[in-house]
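Letters A, B, ... mirror the listed sequences (proteins, then strands); counts begin at 1.
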Amino acid sequence: MELTREQVEHVAMLARLGLSEEEIERLRTQLSSILAHVNMLSELDTEAIPPTAQVIAMQDVVAPDEPVASYPVDEMLENAPEREDSYFRVRSVLGYET
Amino acid sequence: MDMRPDSRSLPDLSVRELRTLLDRREIGAVELARAYLDRIGEVDGRVRAYLTVTAELALEQAEEADRRLASGEAGALEGIPMALKDLISTRGIETTCGSRILRGYVPPYDATAYARLREAGAVLLGKLNMDEFAMGSSTENSAFAATANPWDLSTVPGGSSGGSAAAVAAGEAAFTLGSDTGGSVRQPAALCGVVGLKPTYGRVSRYGLIAFASSLDQIGPLTRTVEDCALVMNAISGLDPHDSTSSPVEVPDLTTALRDDLQGVRVGVPEEYFGEGLEPGVERAVREAIERLRALGAELVEVSLPSTKYALATYYIIAPAEASSNLARYDGVRYGYRSPDGEDLVENYLATREQGFGPEVKRRIMLGTYALSAGYYEAYYVKAQKVRTIVKSEFDRAFERCDLIATPTSPTVAFELGSRLDDPLAMYLSDTYTIPASMAGIPAISVPCGFSDGLPVGLQLIGRAFDEATILGAAHAYERSTDWARRRPELVSAG
């Protein structure tokens, strides 16, 4: 199964992943060959088999409802590429400067 | 003055031997930390296992260790110099995950595994190289450097915990921690001739472990001996309120599980692990090792794991799908790299991620996003989860007839640097024998079992969930019946 260029561009946009022209073409061939390999799973009849999302036998792990101290705001902002006061600063969400 | 057990230099002794020397005050923790820092200085220019060496911090921590040793309050790993794969968070110390997108990131908290090692007295030497976001089998996907295999510097150390394995093999740390999602502790351990354990999923807290595939990721130790592995597991295992997937199942003292014979142990041998793609030299070493298990008293049982060949395909849907979701957080807003390009927020996301991630990470984000996207979710993701059920139930059935399963860890010995970079599928095949236990969430250990073409071979022992004791016990009995654990690469034994 060969992926099309449009499919690769569509998936890249879903993942918010910019790709160069060269990367789009390389990924198109590489993903096609990886998908061809994983398509071997269609040989297996799994109609009656439940899916396994995780292997641990626990469910609904709850913590005691007690307030605990969180990290200081300044410490959490230490790694921010750009900050303003106690906020993370980002580019314009609407595509223009206000 | 030198009261060492033999002619090996300090950095080549086991954790157990070093603890004895420290307890008897024949060496000091500062002296020991310096010996490791010297070794790093001598060989790391060639091995490139470390991304960050925390020399000053190591000496401070070693001084504290000396005080506790003197006052009789020593922890189980007091004064033992170790290092961590660079995706285990260390407060105040850069943690890059081998990625340009996290270059300069300084975690505001410690991973639980690191905090527990510190409580036990271990000393941090630094942070170790890895494939970017733990995606890879050769450590060549690091954004910063390719680590070399200490046994032959022209070959890879395996991956993704290649720095962790190479550091132990070259005596650049007494032990290290790595992380294993589909084989990333066991495969490099095999290729570098050291012991590597992937614990049962939930055995070791993932708090502070930078996430790759959350239903599979586990932190595990890389050590020179099986006994050392048990000592490290004792320190890092157990329930952690910060990780709701960490298990409340009781953690036994694993050093009491170490045994000298295998009387009464049934060892399953699955023929599916000895097929196409297995190098003859690896097969010979592993079959000899299995014969040795029999000689030690084990009963060999044929078991069948027919879906083994499907496990790899299953993994390469589930792990990228989880990764594509986990890695959505790298958007240049809260931490890490932000591109100067892009007019608005979305364009800035696109540029940040294009420039911040390397080729393998992009490949897996694309693969995972595709498998989760509308129209493909059922055919790929749900299908893979169903096959995961089959893989797991085959292990359950096999363990009705045996106590552990013995296989090769990797189908090949270390391969040449650069030789598989252009063929992602060939690289993925490195993990054929390690992935099934990951999918089932069960523990597996790789223990050195000889050499092929002068390069180390690993024997994998797979156990039942939460039964690390049985595989450690068997690995220890095997190790003691050979001298593989005492072999050192020429790189360090010549000097």
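- Of all the listed residues (M76(A), R83(A), E43(A)), the one sharing the greatest number of non-hydrogen pairs under 4.5 Å with chain B is E43(A).
- With T200(B) contributing its side chain and R203(B) its backbone, the two residues share no donor-acceptor pair below 3.5 Å.
- Panel note: side chain N348(B), backbone R91(A); no donor-acceptor pair is recorded below 3.5 Å.
- No side-chain donor-acceptor contact under 3.5 Å links K198(B) to the backbone of T181(B).
- For chain A, no part of P320(B) is nearby; none of its heavy atoms comes within less than 4.5 Å.
- When heavy atoms are compared at a cutoff of 4.5 Å, D341(B) approaches chain A solely by way of its backbone atoms N, CA, C and O.
- For E47(A), the part sitting under 4.5 Å from any heavy atom of chain B is the backbone (N, CA, C, O) and nothing else.
- Only the side chain of I317(B) comes within less than 4.5 Å of a heavy atom of chain A; its backbone N, CA, C and O stay farther away.
- Neither the backbone nor the side chain of S324(B) comes within less than 4.5 Å of any heavy atom in chain A.
- Heavy atoms closer than 4.5 Å to chain A are found in the backbone of A440(B), but not in its side chain.
- Inspection of the S205(B) and D240(B) side chains reveals an N or O donor paired with an N or O acceptor under 3.5 Å.
- Chain A forms more heavy-atom pairs under 4.5 Å with one residue of K309(B), E322(B), R388(B) than with any other, namely R388(B).
- Here Y335(B) and Y105(B) bring their ring centres to under 6.0 angstrom of each other.
- A donor-acceptor contact shorter than 3.5 Å is absent between the side chain of K392(B) and the backbone of M439(B).
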For side chain to side chain contact (heavy atoms under 4.5 Å, CB included), just list the numbers for L77(A) and Y87(A), CA-CA rounded to whole Å, side-chain angles, deciding distance to a tenth of an Å, and then say yes or no.
CA-CA 8 Å; L77(A) 282 162; Y87(A) 302 101; over 6 Å; no
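- For a residue to count as touching a neighbouring chain, one of its non-hydrogen atoms must lie under 4.5 Å from one of that chain's; by this rule L327(B) does not touch chain A.
- No donor-acceptor pair under 3.5 Å is formed between the side chain of E132(B) and the backbone N or O of E360(B).
- When heavy atoms are compared at a cutoff of 4.5 Å, I49(A) approaches chain B by way of both its backbone and its side chain.
- Checking R420(B) against S430(B) by side-chain atom types alone, a donor-acceptor pair falls below 3.5 Å.
- At least one test fails for R353(B) against the ring of Y330(B): distance under 6.0 Å to the centre or angle within 45° of the axis.
- Between chain A and the residues L372(B), T369(B), V382(B), the largest count of heavy-atom pairs under 4.5 Å involves T369(B).
- Contacts between S325(B) and chain A at a heavy-atom distance below 4.5 Å are absent for every atom of the residue.
- Proximity to chain A (any heavy atom under 4.5 Å) is shown, for F466(B), by neither the backbone nor the side chain.
- Heavy-atom pairs under 4.5 Å with chain A peak, among S244(B), S215(B), G441(B), at S244(B).
- For chain A, the option among P108(B), G104(B), S393(B) with the highest count of heavy-atom pairs below 4.5 Å is P108(B).
- With a 4.5 angstrom heavy-atom cutoff, A12(A) touches chain B via backbone and side-chain atoms both.
- Only the backbone of S42(A) comes within contact range of chain B, judged by heavy atoms closer than 4.5 Å.
- Residue R91(B) touches chain A through its side chain alone, counting heavy-atom pairs closer than 4.5 Å.
- If you measure heavy-atom distances from Y315(B) to chain A, you find no contacts under 4.5 Å at all.
- Distance alone, capped at 3.5 Å, places no donor-acceptor pair between the R5(A) side chain and the Q7(A) backbone.
- Among the candidates L367(B), I318(B), I365(B), the residue making the largest number of heavy-atom pairs closer than 4.5 Å to chain A is L367(B).
- With hydrogens and angles ignored, the 3.5 Å screen pairs a side-chain donor or acceptor of E272(B) with a backbone N or O of L305(B).
- In this structure, no portion of E78(A) lies under 4.5 Å from any heavy atom of chain B.
- Interface residue V8(A): backbone and side-chain heavy atoms are both found under 4.5 Å from chain B.
- Interface summary for chain A: among Y337(B), Y109(B), F357(B), the most heavy-atom pairs under 4.5 angstrom belong to Y109(B).
- Ring geometry for Y316(B) versus Y428(B): interplanar angle under 30°, hence parallel rather than tilted (30 to 60°).
- For chain B, the option among L44(A), L31(A), V90(A), L27(A) with the highest count of heavy-atom pairs below 4.5 Å is L44(A).
- Judged by distance alone, with hydrogens and angles left aside, the side-chain atoms of S99(B) form no donor-acceptor pair with the main-chain N or O of T96(B) at under 3.5 Å.
- By number of non-hydrogen pairs under 4.5 angstrom with chain B, the leading residue of V61(A), V11(A), L41(A) is L41(A).
- Residue P424(B) touches chain A through its side chain alone, counting heavy-atom pairs closer than 4.5 Å.
- Residue contact with chain A, scored on non-hydrogen atoms closer than 4.5 Å, is absent for Y381(B).
- Here the side chain of D217(B) pairs a donor or acceptor atom with the backbone of A213(B) at under 3.5 angstrom.
- No side-chain donor-acceptor contact under 3.5 Å links S246(B) to the backbone of H242(B).
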